[in-house]
Amino acid sequence: MVKVFLDPGHGGSDPGALGNGLREKDIALSATLKIGEILKNHNVEVYYSRTTDVFIELSERARKANNIGTNIFVSIHCNAYDGTAKGVETYSYPGAVQGAKLSKNILDSIIASGVYASNRGTKTANFAVLRETNMTAALVEMAFIDNPQDADILKYRQDDLAKAISKGILNYLGIKYVANNKEETKKTPIIGKATATVEQMKKWAMDKGANQKFIDLAPLFYSISNKAGINPIVTYTQSAKETGYMKFGGVLDITYNNPCGMKILAGGGDKDPNAHKRFENWEEGIQAQVDHLALYAGANGYPKSNTPDPRHFPYLKGSAATVESLGGKWAPSSSYGTDIAKMIKEVENTKVPSMEEAKEEKQLNKIKIDLHGKQLEVKGIYEEGANYIPVRFLENLGYKIDWKNGAVTINYKEDK
Ligand SMILES: [Zn+2]
């Protein structure tokens, strides 16, 4: 079995670099543990210099790895400079050929992931952990903790970073990266085409005993979401969860035109009615929800400059690509996203009679017609007050009906 030693930098009394409310020791540890989980899913034996917030000497880290005799050693850090520098760089020991290869694999993978494009390249340095380890070793400076944009990446895109670093390590080891079935391939993307129809949305809402307003708004949810490239079923089910199918009952009511419990710019408590946004109309409210979702999902063109979303903060971009990952982000509850994902499945599985089926049922009707005392019987769709022209019925009166090129010509037969 391949053995990998992961070394989250700093710890305990040594916080490492600081910036934007973050400490390097915390970011390095949480990213490293994520990398370790991914590697374990690929049958790699993973060892750590630390898995908690403790101080460990640099030489001790190297010695621990040497004693186990792992195949490779990867140290995880965050950079800091003057607040303006940004980007990723990876290191190996000067002259270490395999280390340079590992370092390059990790860097290439981070750049390929698209998390960000700022590539500072591979470098060499006489770092203690690179010098004192006797196996292939690399050190990753993930991003600049004192740069606001980089700090957002460390905060909100850490899963993507961890995945990219893991891919780079696996690639070096000649192991093919496979998305974890349990956690990745089954997740529900926010960006995408509609996975159900407006009719299914309406039928599902009806079956749930939704407020009539919620049922009536299905087409509006559909069109606004579609335009932004967001799956309308995501928006609709999220609104159902947030508003109790628009029956509300919390601090909001239907007059807020607020489909998702959206707060005002300043925010405020969940129980404070004034902390919640009152929209002009439903179109504006739904647009705000869709823009907020699209921002979370990292959709093209977001953040937008012109949006009714009062909390359209750029740092949110790309922080939740899937419905499941909204949990703990859009709302504090960790099951928030999986609850919505279940509702999405329900909508997708909702059966709506197709137009053909509905027509067949109705065509069984025989309609009795009394025309100036003349009794006629025709087959057709009987719908009281419906505005149909009963063309077939005219045949019974002796008219000749011609169907051609999408038009109907009706002539009275001369020989009659
Ligand atoms: Zn460091």
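We use all heavy atoms of the structure for the numbers below, so side chains are in, but hydrogens, waters and symmetry mates are not.
- With Arg278 contributing its side chain and Asn257 its backbone, the two residues share no donor-acceptor pair below 3.5 Å.
- Not counting sequence neighbours, the partners of Phe127 by the ring-ring contact (aromatic ring centres under 6.0 Å, His included) test are Tyr91.
- Taking Lys213 as the reference, nothing meets the salt bridge (charged side-chain N to carboxylate O under 4.0 Å, His left out) condition, with sequence neighbours excluded.
- Legend: residues meeting salt bridge (charged side-chain N to carboxylate O under 4.0 Å, His left out) with Arg23, ordered by chain and number and at least two apart, are Asp26.
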Inset, instruction - Run the numbers on Phe214 and Trp282 for ring pair (Phe, Tyr, Trp, His ring centres under 6.0 Å), then give the verdict. - result: CA-CA 10 Å; Phe214 188 63; Trp282 282 109; 9.0 Å; no
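- Panel note: side chain Asp7, backbone Ser75; no donor-acceptor pair is recorded below 3.5 Å.
- Classification of Glu348 and Lys345 as a salt-bridged pair holds, one side-chain N sitting under 4.0 Å from a carboxylate O.
- Looking at every heavy atom in both residues, Pro15 comes nearest to Ser13 through CD-O, 3.2 Å.
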Inset, instruction - Determine, stepwise, if the pair Asp159 / Lys163 fulfils salt bridge (Lys or Arg N to Asp or Glu O under 4.0 Å). - result: CA-CA 6 Å; Asp159 288 347; Lys163 196 164 97 177; over 6 Å; no
Which atom pairs, donor and acceptor, lie under 3.5 Å between side-chain atoms of residues 298-306 and protein residues at least two apart or in another chain?
from: Tyr302; atom 1: OH; to: Asp291; atom 2: OD1; distance (Å): 2.7
from: Lys304; atom 1: NZ; to: Asp291; atom 2: OD1; distance (Å): 3.2
from: Lys304; atom 1: NZ; to: Asp291; atom 2: OD2; distance (Å): 3.3

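- Aromatic ring pairs are classed by plane angle as parallel below 30°, tilted from 30° to 60° and perpendicular above 60°; the pair Trp330 and Tyr336 is parallel.
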Inset, instruction - Take His276 and Tyr256, measure what ring pair (Phe, Tyr, Trp, His ring centres under 6.0 Å) needs, and give me the verdict at the end. - result: CA-CA 8 Å; His276 292 81; Tyr256 276 77; 7.2 Å; no
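- Here His77 pairs with His10 under the ring-ring contact (aromatic ring centres under 6.0 Å, His included) rule; sequence neighbours left out.
- Counted within 6.0 Å of CZ on Phe55, heavy atoms from surrounding residues, nucleotides or ligands total more than 12; the atom is thus considered enclosed.
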Inset, instruction - Output, in order, the C-alpha distance, side-chain angles, deciding distance and verdict of side-chain hydrogen bond (donor to acceptor under 3.5 Å, both in side chains) for Asp216 and Gln212. - result: CA-CA 6 Å; Asp216 294 343; Gln212 187 59 43; 2.8 Å; yes
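- For the pair Ile35 and Ile165, the tightest heavy-atom approach, listed with the atom from each and the gap, is CD1-CG2, 3.6 Å.
- For the side-chain contact (heavy atoms from CB on, under 4.5 Å) test, residues two or more places apart in sequence or in another chain that qualify with Phe313 are Leu265, Arg311, Tyr315, Leu316.
- Interatomic distance, CD of Gln289 versus OG of Ser225, reported as 7.0 Å (0.5 Å rounding).
- Phe248 pairs by the ring-ring contact (aromatic ring centres under 6.0 Å, His included) definition with nothing, not counting sequence neighbours.
- Thr90 meets the side-chain contact (heavy atoms from CB on, under 4.5 Å) test with Ser103, Ile106, Leu107, Thr122, Val140; sequence neighbours excluded.
- Looking at residues two or more places apart in sequence or on another chain, you find a salt bridge (charged side-chain N to carboxylate O under 4.0 Å, His left out) between Glu89 and Arg120, Lys123.
- More than 12 heavy atoms of other residues, nucleotides or ligands shown are found within 6.0 angstrom of NZ on Lys241.
- Residues that satisfy the ring-ring contact (aromatic ring centres under 6.0 Å, His included) test with Phe73, not counting sequence neighbours, are Phe5.
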Inset, instruction - Verify side-chain hydrogen bond (donor to acceptor under 3.5 Å, both in side chains) between Thr338 and Ser335, making sure each step is shown before the conclusion. - result: CA-CA 5 Å; Thr338 48; Ser335 68; 5.0 Å; no
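- Scanning for salt bridge (charged side-chain N to carboxylate O under 4.0 Å, His left out) contacts around Asp152 gives an empty result, with sequence neighbours left out.
- The existence of a salt bridge linking Lys263 and Asp270 is confirmed by a sub-4.0 Å separation between a basic side-chain nitrogen and an acidic carboxylate oxygen.
- A distance-only check finds no donor-acceptor pair linking the side chain of Asn231 to the backbone of Ile191 [under 3.5 Å].
- Heavy-atom neighbours of Glu280 CD from other residues, nucleotides or ligands within 6.0 Å: at or below the threshold of 12.
- Annotation: Lys227, atom NZ; neighbour count of heavy atoms from other residues, nucleotides and ligands within 6.0 Å does not exceed 12.
- The two residues Lys64 and Tyr48 have their closest heavy-atom pair at NZ-O, 3.2 Å.
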Legend entry - Derivation of the side-chain hydrogen bond (donor to acceptor under 3.5 Å, both in side chains) call for Tyr236 and Gln238: CA-CA 5 Å; Tyr236 198 57; Gln238 182 187 38; over 6 Å; no
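- A salt bridge links Asp53 to Lys25: at least one charged side-chain nitrogen sits closer than 4.0 Å to a carboxylate oxygen.
- Heavy-atom minimum distance, Ala151 versus Leu22: O-CD1, 3.7 Å.
- When all heavy atoms are compared, the tightest approach of Asn147 to Thr84 is ND2-O, 3.4 Å.
- A salt bridge links Glu346 with Lys208: the closest approach of a Lys/Arg side-chain nitrogen to an acidic carboxylate oxygen falls below 4.0 angstrom.
- Residues satisfying the side chain to side chain donor-acceptor pair (under 3.5 Å) criterion with Lys86, sequence neighbours excluded, are absent altogether.
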Legend entry - Verdict with reasoning, Thr188 to Glu324, per side-chain hydrogen bond (donor to acceptor under 3.5 Å, both in side chains): CA-CA 7 Å; Thr188 318; Glu324 287 80 355; 2.8 Å; yes
